[in-house]
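Side chains are part of it too, since the values below use all heavy atoms of this structure and drop only hydrogens, waters and symmetry mates. Naming: A, B, ... by sequence-line order, numbering from 1 per chain. Note that this is a predicted model, so its numbers are computed, not measured.
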Amino acid sequence: MSFVEELRWRGMLHDIMPGTEELLNKGMASGYIGFDPTADSLHVGSLATIMTLIHFQRAGHKPYALVGGATGMVGDPSGKSAERSLLSEDALAVNLKGIQSQLERFLDFNSGENSAEIVNNYDWFKEFSFLHFIRDVGKHLTVNYMMAKDSVKSRLSGDSGMSFTEFSYQLIQGYDFYYLWKNKNCVIQMGGSDQWGNIVTGTELIRRKDAGEAYALTTQLIKKADGAKFGKSEGGNIWLDETKTSPYKFYQFWLNATDEDVKKFIRIFTLLDRETIEAMEAEHDAAPHQRALQKTLAKDITIRVHGEAAYEKAIQSSDFLFGNTGIEFLSELTNEEVLGIFEGVPNYTVQLADMQQGVNVLDLLAAQTAVFASKGEAKKMIQGGGAAVNKTKITSPEATYTAEDLINNKFLVVQKGKKNYFLIIAE
RNA sequence: GGGGGGAUACCAGAGCGGUCAAAUGGGACGGACUGUAAAUCCGUUGCUUCGGCUACGAAGGUUCGAAUCCUUCUCCCCCCA
């Protein structure tokens with residue numbers, strides 16, 4: 001199946017420039033996607049564009065992943081309603097490194113002529129002087145053209161204005177495309193649908209500067225069925241970096257996808273073929289409570305991002321935390337095994353001596369640990385029946401816990417709501 | 001340069017001298033139901049040693065008492081030139 005057909009049935013395709021499909025069907029082509037170094041890790045939102053690159057390579061084309069060492073210094077105004085603050089160059093360097101090492105996990109860098117490559121646009125911008133840039137690049141595009149872009153238009157009509165720096169962003173990204181086209185024979189740029197304007201500036205530059213042909217393709221922005229932004233959970237982003245989002249939490253994020261979303265996600269985020277997915281959907285509809293789709297989705301992505309071992313651990317933790325296993329189960333484990341199960345679950349340390357004296361729940365959960373932000377919140381939550389210790393609901397804000405309650409004389413398992421677990425370690 | 005309007009909790013937005021820790025809606029969080037779904041319903045949404053304390057753009061002032069009135073400042077919007 002061709003690359004474009006693949007994206008199409010998976011529901012990933014958003015927009016494609018005429019001629020793109022024909023070109024790709026003629027044989028191997030090179031294409032790229034840029035990644036913004038706005039943080040030191042990619043998140044699940046970037047995963048969709050990574051999948052695009054993976055499909056691109058699997059279809060026999062040569063993928064380039066561009067990390068934006070130069071563009072990151074300017075800041076993409078697309079989708080932003082206000083001027084962004086600039087990242088320091090130090091922070092940028094850290095971010096670039098983090099993102100680059102993550103990208104390396106997903107693509108095949110050893111597959112002959114269509115091996116993936118990672119490039120950094122800082123490499124061709126660092127020696128490019130401002131004067132040469134405005135002569136060689138800026139001269140080819142009119143301000144009128146640049147102002148017609150949505151990302152610029154919306155800012156000009158808004159209240160916050162737009163700096164020259166951000167206005168010029170599209171030229172920088174446009175030149176990236178030109179550079180890769182010229183030097184790496186890169187004929188297509190891909191990206192999320194919000195990147196269409198920037199990408200087309202590139203094809204336009206290539207046309208006007210060298211009368212060359214280049215192509216563009218964008219993918220659907222992922223939204224949840226209820227319209228909410230994809231990739232957030234309990235107030236935080238879901239990152240690919242295991243120190244920012246533990247594999248357990250990562251696994252849980254996918255496992256909790258709604259029935260409606262999961263059918264979309266499994267097409268976008270896994271490489272399973274159409275027959276397999278459709279068969280699985282039928283199975284899911286017959287027994288939705290088994291959540292076969294969610295489990296498959298979560299497994300597939302967790303393994304791809306964090307590896308088999310991390311997945312096994314996530315399963316083990318999930319089985320204990322959400323399965324029928326009673327709290328007694330923990331007493332049969334060694335301390336190391338308990339810690340293993342709770343790896344990725346936030347934990348706090350308290351004094352064993354205090355526990356021997358007995359500690360009031362509010363002090364325990366809001367003062368000695370940060371399970372709750374304040375005693376008031378803890379109190380309300382307990383009164384609302386939303387907190388539990390060792391899988392047993394806390395009945396009153398006056399309750400006291402002692403060393404007697406510790407499992408293995410060391411652990412206390414705390415739940416805030418049904419899904420948020422905390423481990424308290426007494427030592 | 002002249003004239004007018006505005007700034008309230010995560011967001012939107014009421015309140016215009018005491019009954020205001022501040023209506024209402026959204027969001028977020030929790031509970032029930034369930035499948036660790038969706039929908040629905042219910043509850044919570046400043047801190048507290050529960051005596052109070054800090055809060056309505058900032059700083060002062062009037063008053064027994066201010067989110068509400070006055071002064072100055074900062075920022076935003078609109079109209080005229």
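Put simply, A:Ser374 has no side-chain N or O that comes within less than 4.0 Å of OP1 or OP2 on B:rG46. Listed pair A:Asn420 / B:rG30 meets the phosphate criterion, a side-chain N or O lying under 4.0 Å from OP1 or OP2.
In this structure, A:Lys380 reaches the sugar-phosphate backbone alone: every heavy-atom distance under 4.0 Å involves primed, P, OP1 or OP2 atoms, never a base. Using a 4.0 Å heavy-atom cutoff across all strands shown, A:Glu260 reaches no nucleic acid atom at all. Residue-level contact check: A:Lys393 touches the backbone only, with heavy atoms under 4.0 Å from sugar-phosphate atoms and none from bases. When heavy atoms are screened at a 4.0 angstrom cut-off, A:Gln294 is found touching base atoms of the nucleic acid.
The 5' end of RNA chain B is approached more closely, in terms of each residue's nearest nucleotide, by A:Ala387 than by the other of A:Gln290 and A:Ala387. Along RNA chain B, the nucleotide closest to A:Met381 and the one closest to A:His289 are compared, and the more 5′ of them pairs with A:Met381.
A donor and an acceptor atom, one from each side chain of A:Thr349 and A:Glu427, are nowhere located under 3.5 Å apart. If you check the side chains of A:Gln173 and A:Gln189, you find a donor sitting under 3.5 Å from an acceptor. Looking only at atom types and distance, the side chain of A:Asp176 has a donor-acceptor partner in the side chain of A:Trp124 under 3.5 Å away.
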Seminar exercise, completed: Symbol by symbol from the 5' end, with Watson-Crick or G-U pairs under 3.5 Å, [ ] crossing and | another strand, RNA chain B is ((((((((.[[[..)..(.....]]]((((((.......))))))((....))...[[[[[..)....]]]]]))))))).
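Rounded to an integer number of Å, the gap from A:Ile382 CD1 to B:rU44 P is 17 Å. At whole-Å resolution of the value, CD in A:Glu398 and P in B:rC50 are 11 Å apart. Note: NZ (A:Lys416) to P (B:rU45) measures 16 Å, nearest angstrom.
If you take atom C1' in B:rA22 and the same atom in B:rA37, they sit 37 Å apart, rounded to whole Å. With both ends at atom P, the span from B:rC56 to B:rA23 equals 16 Å, rounded to whole Å. Distance check on atom C1': B:rU68 versus B:rA7 gives 14 Å, rounded to whole Å.
One donor-acceptor pair, N or O on each side, does fall under 3.5 Å between the base of B:rU36 and the side chain of A:Gln252. The base of B:rU34 sits with one of its N or O atoms less than 3.5 Å from a complementary donor or acceptor on the side chain of A:Lys418.
In summary, the aromatic rings of A:Tyr215 and A:Phe3 are positioned with their centroids too far apart to meet the 6.0 Å limit. Between A:Tyr175 and A:Phe125, the distance from one ring center to the other falls under 6.0 angstrom.
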Donor-acceptor list for residues 326-336 of chain A side chains, cut-off 3.5 Å, not counting sequence neighbours:
| unit_1 | atom_1 | unit_2 | atom_2 | d |
| --- | --- | --- | --- | --- |
| A:Ser331 | OG | A:Glu328 | O | 2.8 |
| A:Thr334 | OG1 | A:Glu337 | N | 3.2 |
| A:Thr334 | OG1 | A:Glu337 | OE1 | 3.4 |

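A donor-acceptor pair is defined here as one N or O able to donate and one able to accept, closer than 3.5 Å; such a pair exists between the side chain of A:Asp108 and the backbone of A:Asn110.
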